[in-house]
Structure formats: structure tokens, C-alpha cells
Amino acid sequence: MASRTMLMALSRASRAQACGLRPLAIRGLASSSQKSREDSWLRSLFVRKVDPRKDAHSNLLAKKEISNLYKIQFHNVKPECLESYNKLCEELLPKIHADEDYPCTLVGTWNTWYGEQDQAVHLWKYEGGYPALTEVMNKLRKNKEFTEFRKARGNMLLSRKNQLLLEFSFWNEPVPRKGPNIYELRSYQLRPGTMIEWGNHWARAIRYRQDGDEAVAGFFSQIGHLYMVHHLWAYQDLQTRDDIRNSAWQKDGWDECVYYTVPLIQEMDSRIMIPLKSSPLQ
């Protein structure tokens with residue numbers, strides 16, 4: 001039996017040498033071929049729908065049929081002043097929102113519940129892009145009530161920052177909704193150069209998060225902190241949020257989105273927010 005096995009091994013070695021290949025080379029060839037197939041399969045997972053070399057990602061990922069620009073504001077308020085700050089905002093912000101002379105809309109205004117404490121978040125939309133933003137800013141400088149508002153507000157703040165944003169073409173446009181809801185703002189700092197890849201994955205993944213009407217809006221930054229993505233979600237309460245997020249993992253394809261987008265993230269943050277009474281998003 002042992003001699004027969006040895007003869008078979010010698011026969012295979014002889015055939016390999018007749019072809020000018022050593023047995024080790026054959027194994028190496030098979031391994032190389034298998035690796036090539038695996039590499040090809042892996043590359044197929046990263047096929048992009050958009051070629052980032054052809055245009056700026058702002059043109060490739062934003063909605064082309066509209067020219068809306070968004071501004072998000074983060075105001076860190078002195079803890080003892082938060083109630084007065086909210087009252088001040090609820091008196092003036094709805095007036096600007098309702099005034100047809102200003103080409104802007106208050107999308108939502110919130111206080112952070114979980115996350116950075118004693119923080120207010122405001123989201124504005126400018127219909128007409130940068131020219132609309134400039135027009136609003138110029139008119140507000142001449143608005144005496146707004147000037148007094150800014151002066152009073154400044155005494156209540158510890159710090160503030162803002163960003164100018166565009167909305168992803170594949171996300172919902174934020175529209176007023178009835179409450180009561182809590183809102184989650186998930187913010188992602190991406191690695192520079194990965195915005196197109198992020199957009200391609202989420203263009204497919206967003207359909208897994210539409211069942212409960214929880215998807216409110218998705219944005220990416222243009223000015224301010226760059227390569228920043230904001231996803232805004234609405235839930236009835238924290239338990240509903242947990243149930244909806246867990247159910248996404250039962251859908252075929254969601255795990256793939258998470259797997260391929262996590263490496264694109266440098267840092268991420270989640271805020272649970274409560275809308276003010278004057279917020280169009282309730």
C-alpha cells in the first residue's frame with residue numbers, strides 16, 4: 001500500500017516536471033489564482049456609482065433640482081441661562097421664519113437632552129443657496145430687534161459654532177412633522193477623500209431605515225468643520241429608537257453598509273434632542 005502511494009506521488013511529480021513546473025510552483029500557481037479571484041471579488045464590493053475624479057463631491061452628492069443651503073448652529077449656553085435663552089429664541093426665531101422678506105426657513109430648534117449638556121441646536125434652510133444666505137445676513141444686520149437679540153444672547157453663551165451644509169440627494173428633505181418626538185443627530189467626521197464612498201454606500205442603505213418614517217434628513221458640510229456628515233432621525237421615544245435600530249440588523253444588506261462605512265469614520269457623536277415649542281419639527 002505504501003509503495004503504491006509512493007508511485008502515485010512520483011507519477012504526479014514526473015508530469016509536473018514534464019511541463020517544466022515543480023510541485024511547489026504548482027501549489028504557488030493555485031494559491032495565486034485563488035488570491036486573484038478573491039481580490040476580484042473584493043474589488044467588486046467597492047464599485048462606485050460615481051467617479052470622484054469628474055467633479056466636486058458637492059455637485060455629485062447634493063440634490064441638483066434645488067439650490068437649498070442649510071446652516072446648523074451649536075450654542076453652548078450657561079447652565080443658569082438656558083431657560084432665558086430658550087424664551088429669547090422662541091420670541092424672535094419664529095418671526096424671522098414667518099417673514100416672507102427673508103428667504104430662509106427655520107427647520108428645527110432643539111435642546112440637547114443626552115450628549116453635550118446645556119446646548120441649543122438650530123437648523124436653518126436658505127432657499128436659493130449662498131445668495132439667499134447673504135441676503136438674510138445683510139437684512140438682519142439692519143434689523144434692530146435682531147441686534148438686541150444678539151446682544152442679549154451673547155451674555156448667555158459660553159461658546160458657539162456653525163456649519164454650512166448641503167443635503168444628500170438620496171435622503172428625505174426635512175419637512176415639518178407633528179410630535180411628540182425625540183430627535184437624534186448623529187454626526188460623523190470622515191477621513192478626507194471618503195465622502196463619495198460614504199454617499200454610495202448610504203444611497204443603498206437608507207432604504208433599510210425608512211420603514212418607521214424615522215429618517216428626517218442627511219447633510220454634509222461645505223464650510224466649517226469639513227468632511228462632516230449629519231444624519232437626523234426622529235423617534236417616539238428612546239425605546240422605539242432602540243427597537244428600530246435593532247430591527248435594521250435583521251434586514252439583509254444593512255450589516256454590509258455598516259461594515260464598509262465604519263472604516264471611513266475618524267470620529268462620531270450622537271445627540272438626543274428635545275424640540276422647543278416653536279420648532280417646526282416636533
Side-chain angles (χ1 to χ4, degrees), residues 69-127 132-165 174-187 189 216-217 219 221 223-225 228 230-238 241 269-282:
L69 179 71
Y70 291 82
K71 179 173 71 175
I72 191 166
Q73 299 172 301
F74 300 98
H75 290 173
N76 292 318
V77 185
K78 295 176 183 177
E80 67 274 15
C81 296
L82 185 60
E83 186 176 346
S84 298
Y85 172 91
N86 287 340
K87 183 179 179 181
L88 193 68
C89 289
E90 291 195 305
E91 288 175 355
L92 183 67
L93 300 189
K95 293 181 181 179
I96 299 173
H97 170 78
D99 193 334
E100 295 183 358
D101 197 39
Y102 293 90
C104 64
T105 301
L106 180 64
V107 177
T109 177
W110 304 268
N111 285 158
T112 300
W113 184 22
Y114 289 104
E116 201 158 349
Q117 297 292 284
D118 303 308
Q119 186 181 71
V121 180
H122 309 292
L123 181 63
W124 292 87
K125 178 174 72 173
Y126 297 88
E127 298 92 349
L133 173 67
T134 302
E135 181 182 348
V136 170
M137 293 300 100
N138 288 337
K139 288 180 177 178
L140 287 177
R141 288 191 187 100
K142 301 174 183 178
N143 186 321
K144 292 183 179 179
E145 188 176 6
F146 181 75
T147 301
E148 292 300 317
F149 163 81
R150 286 195 62 179
K151 187 182 299 183
R153 184 188 67 183
N155 294 327
M156 302 177 186
L157 297 182
L158 294 171
S159 65
R160 61 193 178 102
K161 66 177 181 179
N162 58 27
Q163 296 171 5
L164 295 182
L165 315 169
V175 295
R177 63 172 64 197
K178 296 180 180 179
N181 294 294
I182 62 171
Y183 290 82
E184 181 176 20
L185 182 66
R186 296 179 70 87
S187 302
Q189 177 63 57
V216 178
F219 308 99
S221 61
I223 295 178
H225 208 154
M228 179 70 74
H230 299 288
H231 291 175
L232 184 61
W233 309 90
Y235 303 101
Q236 184 178 346
D237 51 40
L238 288 174
R241 169 190 177 272
D269 186 46
S270 170
R271 292 174 176 84
I272 301 297
M273 308 183 301
I274 304 297
L276 298 186
K277 294 178 181 179
S278 58
S279 177
L281 286 172
Q282 285 295 312

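All of these numbers come straight from a predicted model, not from anything done at the bench. Below, each value reflects all heavy atoms present in this structure, side chains not excepted, and no hydrogens, waters or symmetry copies.
- Looking at N76 and S159, their side chains do bring a donor and an acceptor atom within 3.5 Å of each other.
- Between W110 and I274 there is no side-chain heavy-atom pair separated by less than 4.5 Å.
- Between F74 and R271, some side-chain heavy-atom pair lies under the 4.5 Å cut-off.
- Side-chain contact between I96 and L140: present, with at least one pair of heavy atoms (C-beta onward) separated by less than 4.5 Å.
- More than 12 heavy atoms of other residues, nucleotides or ligands lie within 6.0 Å of CZ in R186, so this atom counts as buried by the packing criterion.
- Residues S270 and W233 have side chains not in contact (no heavy-atom distance under 4.5 Å, counting atoms from C-beta outward).
- We find the NZ-CD distance between K87 and E91 to be 6.0 Å, quoted to the nearest 0.5 Å.
- For K78 (side chain) and N155 (main-chain N/O), a donor-acceptor pair under 3.5 Å exists by modelled atom type.
- Inter-residue side-chain proximity for F149 and L93 is flagged as met; some heavy-atom pair is nearer than 4.5 Å.
- Counting only heavy atoms from C-beta outward, the side chains of N162 and R160 never approach each other to under 4.5 Å.
- Within the 4.5 Å cutoff, side-chain heavy atoms of L157 are placed close to those of Y85.
- Panel note: side chain N181, backbone Q282; a donor-acceptor pair is recorded below 3.5 Å.
- Taking CG from L69 and CD1 from I223, the interatomic distance works out to 7.5 Å, rounded to the nearest 0.5 Å.
- Side chains of K139 and Y102: a donor-acceptor N/O pair is absent below 3.5 angstrom, by distance only.
- A donor-acceptor distance shorter than 3.5 angstrom exists from the side chain of S221 to the backbone of M228, with no hydrogens or angles considered.
- A side chain to side chain donor-acceptor pair (under 3.5 Å) with T105 holds for exactly one of K125, H97, E127; it is E127.
- The minimum heavy-atom distance between G108 and S279, with the atom names listed, is CA-OG, 3.3 Å.
- Residues T112 and Q117 share a closest heavy-atom pair of O-NE2, 4.5 Å.
- Under a 3.5 Å cut-off, the side chain of E90 and the backbone N or O of S278 do form a donor-acceptor pair.
- Not one N or O on the side chain of D99 forms a donor-acceptor pair closer than 3.5 Å with the backbone of K95.
- In this structure, R141 CZ and N143 CG are separated by 12.5 Å, a value rounded to the nearest 0.5 Å.
- With contacts defined as side-chain heavy-atom distances shorter than 4.5 Å, the pair F219/I72 does not qualify.
- Among all heavy-atom pairs drawn from I182 and D237, the shortest one is CD1-C, 3.5 Å.
- Atoms CD and CD1, on E184 and I272 in that order, are 4.0 Å from each other to the nearest 0.5 Å.
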